2 protein chains.
Amino acid sequence: MGNQLRLGAGQPLFHEGDPAMSVFTLTSGAIKLYKLLPDGRRQVTGFMQPGDFLGISVDDEHAFTAEALEHSQLCSFPRSRFDNFVEENVEVERELYRLAAHELAAAQQQMVLLGRKTATERLASFFLALAERAERAIDGEIRFIRLPMSRSDIADYLGLTKETVSRVLALLKRQRLIRLDAIDRIEILDRASLEQVAAGDLDA
Amino acid sequence: MGNQLRLGAGQPLFHEGDPAMSVFTLTSGAIKLYKLLPDGRRQVTGFMQPGDFLGISVDDEHAFTAEALEHSQLCSFPRSRFDNFVEENVEVERELYRLAAHELAAAQQQMVLLGRKTATERLASFFLALAERAERAIDGEIRFIRLPMSRSDIADYLGLTKETVSRVLALLKRQRLIRLDAIDRIEILDRASLEQVAAGDLDA
DNA sequence: CGGCGTCTTGACATAAATCAACCAATGTGG
DNA sequence: CCACATTGGTTGATTTATGTCAAGACGCCG
């Protein structure tokens, strides 16, 4: 079907403002999506995992930059061919709508996090969201989470600095809620408490 | 067509978690949408104006609470009838998708605001967004903006406190970027500077 | 006119940012 | 194969933007 595409770590797939001439699905690796302010401040709006679709856009213009976190493979389809396909398969239109609605709900959840949660609550929520996502994929409980993104990427996703991320990580370790298995892999040790922290019921 | 519906100021239309049995369009007045954390912290995720459609949901459950800011009128349609209508009019499905994609882009913009902008930048961005929205409606430049929501609502929308909103408002007044025509009506005096402030190019 | 809720302003507290070392892992060239 | 540079991460000291707490002003409605 579409064209195979490979990206090395740090390579951009497209930039914010570029004309959106293709849609993509990620087949392996991981990608971060972000927006920049004129002075360089960055907000990461999401992380893509294998299986995710990348193609929702308004006015045929990319609303954010997409950049590989590690070696990644994608399938790309020309926008025009994709649009034709959608035209001919009405049920795909509905699926596309469902996808957008789902992402919208996630974005609203992230607004709550960015607008109202403390640093500790943000990290706890982030880890739980990653865990839940992985669990939905494999359908079963998970203890280990891979973090293909850097501390700065996490900070820019959670509206914090890398230093604060580091410090909160140390705190959660000290409280034995998580363990840093490797620099890019955490183990959830006490999920119930982590959930309480995420909800603001527990101060950690 | 749909059923007419009236709400007084402060009256909820539905609550977060309620089954989404109807969809709505706002015909007059104004409505705020918000999510709550267990301890009462609130994040306003949007404000609705006449003409806006309210019905995008996942799993037939409302993702937020909707509450009237002032006396408002809506048209409501049972979800089932609306779904039938969509089924029979394929082009509506596409329009619905467009709408969701547009709201998603707005949500991502709001993430940048909440995650990375200063209090002053947030207020400036907020006023400009309101102005642009009104201008899209009437197609022409606008100087006056109505604020049907309270300072607390603005604060909960921008991830601030009502006190900070008040102080920044005073600052923008002192700098002659805006004028408080009435407590719920501002006049934009220096749009160019306001835009610079919103972008972080000017410190106000 | 009086009381109540919202808004504003001020004094002070604090969570997180900033600034600055230091450390650990990784890669490079002699 | 080992100094050494480089990069990302951690930790500490200090600053700061915004939050919190408190008091007063304003405006609105009964």
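By convention in this document, chain letters (A, B, ...) are assigned in the order of the sequence lines, proteins followed by strands, and residues within each chain are numbered from 1. The structure displayed is predicted, hence computed values, not measured ones.
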Backbone N or O of [Y] within a donor-acceptor pair of the [X] side chain at under 3.5 Å?
X	Y	result
A:S72	A:A30	yes
B:Q11	B:G8	yes
A:D52	A:Q49	yes
A:E135	A:I142	yes
B:R81	B:S22	no
B:R79	B:V23	no

Between [atom2] of [N] and [atom1] of [X], the distance in whole Å:
X	N	atom1	atom2	result
B:D203	D:dA17	CG	C1'	12 Å
A:K162	D:dT11	NZ	P	14 Å
B:L160	D:dT20	CG	P	11 Å
B:L171	D:dA17	CG	P	12 Å
B:K117	D:dT18	NZ	C1'	18 Å
A:R174	D:dT10	CZ	C1'	12 Å
B:L123	D:dT18	CG	C1'	13 Å

Inset, instruction - Determine whether A:T45 and A:K35 make a side-chain contact, defined as any pair of heavy atoms from C-beta on separated by less than 4.5 Å. - result: yes
Inset, instruction - Look at all strands and tell whether A:T161 reaches a base, only sugar-phosphate, or nothing, counting heavy atoms closer than 4.0 Å. - result: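 Result for A:T161 = base.
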Inset, instruction - Name the nucleic acid region contacted by B:S166, choosing base, sugar-phosphate or nothing; use a 4.0 angstrom heavy-atom cut-off, strictly under. - result: base
Legend entry - Which nucleotide in D:dT10, D:dG19, D:dG9 has an atom nearest any side-chain atom of A:S150: D:dG9
Inset, instruction - Return the nearest nucleotide to the side chain of B:T164; candidates are D:dT10, D:dT11, D:dT18. - result: D:dT18
Legend entry - Boundaries of the chain A footprint along DNA chain C (any atom under 4.0 Å from a heavy atom): C:dA16 to C:dC19
Legend entry - Terminal axis angle for the helix from C:dC1-D:dG30 to C:dG30-D:dC1, five pairs an end, nearest 10 degrees: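 Taking the rotation axis at each end, their angle is 30°.
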Inset, instruction - Give a yes-or-no answer on whether the side chains of A:K117 and A:S125 include a donor-acceptor pair shorter than 3.5 Å. - result: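 There is such a pair between these side chains.
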Legend entry - Side-chain N,O (A:R151) to OP1/OP2 (D:dT10) below 4.0 Å: yes
Inset, instruction - Between A:E163 and A:A119, just flag the one whose closest nucleotide in DNA chain C comes earlier from the 5' side. - result: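 Checking each residue's closest nucleotide, the 5'-ward one belongs to A:A119.
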Inset, instruction - Name the residue closer to the 5' end of DNA chain C, choosing between B:I183 and A:R167 according to the nucleotide with the nearest heavy atom. - result: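 Looking at the nearest nucleotide for each, B:I183 comes out on the 5' side.
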Inset, instruction - Before accepting this row, confirm whether a basic side-chain N of the pair B:D153/B:R42 lies closer than 4.0 Å to the acidic partner's carboxylate O. - result: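 Salt bridge present between B:D153 and B:R42.
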